[in-house]
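Written below as structure tokens is the structure these notes are about.
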Amino acid sequence: PAAPPPLLLLSLALAAPLWPALRAAPLPDVSGDHDFQLFLRKSLEFSRKIKGDVAALQDVVCDTFQLCHEEELWLVRRHLDVPSAPLERCQRPGFEADACLEQLRRGLQTFERSLRSVRELLPAHAGLVERLQLDAANLSSNIQQQMEELGLALVTFPTEGPGGLPAASSRFQQQVGSFFLLRNFQRFLETALRALRHLARR
């Protein structure tokens, strides 16, 4: 038979994180484990801080580019491939603690890379963006360390490109892309906070 076309191979590679066979091992019963509970409390605190910084950066985008209302930008959004990160394993039904932690880890890495484009658009606020990137990277690293301590297998995939928003035909599209990137990051963090609170109550 003919070899699969390259586009099909790429699609399969991108879908790989969803394959059940590659999912991490089930989360051990650690509901009473002091170290795990401490990790959850610190992760909740860290996630709230990151969410606050994302909201502050969203305000900067609103003030700087006059991009404040999602509904007004939706037609432009349809033509942009804005980075996002799935968290379906962190939501009900279908909540899976081990897979949720893995999706949180990978999602934070995705947004940390993508924020480089926002930093380029807002050089006067580079410090805020860089602090946000560092916090996202640190939280992702903390989750990875906790998963390793629990003996959970980490699913690794080839490193993605340099990250950031896709090349757009205009600076305005880059600005709109940054608006929706931050919106996606905020929603990611809202789900992450709910998932971490759920884990803390288990």
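- Distance CG/Asp35 to CD/Glu149: 7.5 Å, rounded to 0.5 Å.
- Residues forming a ring-ring contact (aromatic ring centres under 6.0 Å, His included) with Phe179 (at least two apart in sequence, or on another chain): none.
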Could you walk me through whether Val76 and Phe172 pass side chain to side chain contact (heavy atoms under 4.5 Å, CB included), step by step? CA-CA 10 Å; Val76 181; Phe172 174 69; 4.0 Å; yes
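- Taking the six-membered ring for Trp and thresholds of 30 and 60 degrees, Phe185 and Phe111 have nearly parallel ring planes, at less than 30 degrees apart.
- Following chains of ILVMFWY side-chain contacts shorter than 4.5 Å, one cannot reach Leu38 starting from Leu104, and the two form parts of different hydrophobic clusters.
- In this structure, the side chains of Arg131 and Asp135 come closer than 4.5 Å at one or more pairs of heavy atoms.
- Remark: side-chain polar atoms of Ser178 are paired, donor with acceptor, to backbone N or O of Gln175 under 3.5 angstrom.
- Once rounded to the nearest 0.5 Å, the distance linking CG of Leu101 with CD1 of Ile143 reads 6.5 Å.
- Glu88 and Pro86 make their closest contact through OE1-CB, 3.2 Å (heavy atoms, listed as atom of the first residue, atom of the second, distance).
- In this structure, Glu70 CD and Arg183 CZ are separated by 5.5 Å, a value rounded to the nearest 0.5 Å.
- The two residues Ala97 and Leu199 come nearest to each other via the heavy atoms CB-CD2, 3.6 Å.
- Of all the heavy atoms in Ala85 and Gly107, the pair that sits closest is CB-CA, 3.6 Å.
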Should Gln37 and Leu40 be marked as a side chain to side chain contact (heavy atoms under 4.5 Å, CB included) after you check the CA-CA gap, both sets of side-chain angles, and the distance that decides it? CA-CA 5 Å; Gln37 290 299 320; Leu40 291 174; 4.1 Å; yes
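- Contact of the Phe188 side chain with the Leu108 side chain is registered, since non-hydrogen atoms from C-beta on lie closer than 4.5 Å.
- Remark: the backbone N or O of Phe39 is paired with a side-chain donor or acceptor of Ser43 at under 3.5 angstrom.
- The closest donor-acceptor contact from the side chain of Gln103 to the backbone of Arg89 lies under 3.5 Å.
- We find the CE-CD distance between Met147 and Glu102 to be 4.5 Å, quoted to the nearest 0.5 Å.
- The backbone N or O of Glu112 lies less than 3.5 Å from a partner atom in the side chain of Gln133, making a donor-acceptor pair.
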Does the pair Phe65 and Val176 meet the rule for a side chain to side chain contact (heavy atoms under 4.5 Å, CB included), with working shown? CA-CA 9 Å; Phe65 305 132; Val176 173; over 6 Å; no
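- For the pair Gln91 (side chain) and Leu87 (backbone), a donor-acceptor distance under 3.5 Å is present.
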Chi angles and distances behind the side chain to side chain contact (heavy atoms under 4.5 Å, CB included) call for Leu139, Ser47: CA-CA 8 Å; Leu139 182 54; Ser47 297; 3.5 Å; yes
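- Residues passing the side chain to side chain donor-acceptor pair (under 3.5 Å) test with Glu190, sequence neighbours excluded: none.
- Side-chain contact, Arg171 with Gln174: no donor N or O sits under 3.5 Å from an acceptor N or O.
- The side-chain heavy atoms of Leu122 and Val61, taken from C-beta on, include a pair separated by under 4.5 Å.
- The heavy-atom pair separating Asp63 from Gln66 by the smallest distance is O-NE2, 3.0 Å.
- Not counting sequence neighbours, the partners of Thr191 by the side chain to side chain donor-acceptor pair (under 3.5 Å) test are Arg194.
- Heavy-atom neighbours of Glu45 CD from other residues, nucleotides or ligands within 6.0 Å: at or below the threshold of 12.
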CA sep, side-chain torsions, deciding dist, call: Arg105, Gln144, side-chain hydrogen bond (donor to acceptor under 3.5 Å, both in side chains): CA-CA 7 Å; Arg105 181 181 73 92; Gln144 177 171 333; 3.2 Å; yes
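- When hydrophobic clusters are built by joining Ile, Leu, Val, Met, Phe, Trp and Tyr residues whose side-chain heavy atoms come closer than 4.5 Å, directly or via intermediates, Leu128 is not grouped with Leu134.
- Side-chain atoms of Ser114 come within 3.5 Å of backbone N or O of Thr110 as a donor-acceptor pair.
- Across all non-hydrogen atoms, the minimal contact from Leu181 to Pro83 is CD1-O, 3.8 Å.
- Within the 4.5 Å cutoff, the side chain of Thr64 has no heavy atoms near those of the Leu121 side chain.
- The minimum heavy-atom distance linking Asn184 with Ser84 is given by the pair ND2-CB, 3.7 Å.
- Residues satisfying the side chain to side chain donor-acceptor pair (under 3.5 Å) criterion with His198, sequence neighbours excluded, are Arg92.
- For Lys49, the NZ atom is densely surrounded, since the number of other residues' heavy atoms within 6.0 Å is greater than 12.
- When the side chain to side chain contact (heavy atoms under 4.5 Å, CB included) test is applied to Leu44, the partners found at least two apart in sequence or on another chain are Arg48, Leu193, Leu196, Arg197.
- Between Asp53 and Leu57, every side-chain heavy-atom pair lies at or beyond the 4.5 Å cut-off.
- Phe46 meets the ring-ring contact (aromatic ring centres under 6.0 Å, His included) test with no other residue; sequence neighbours excluded.
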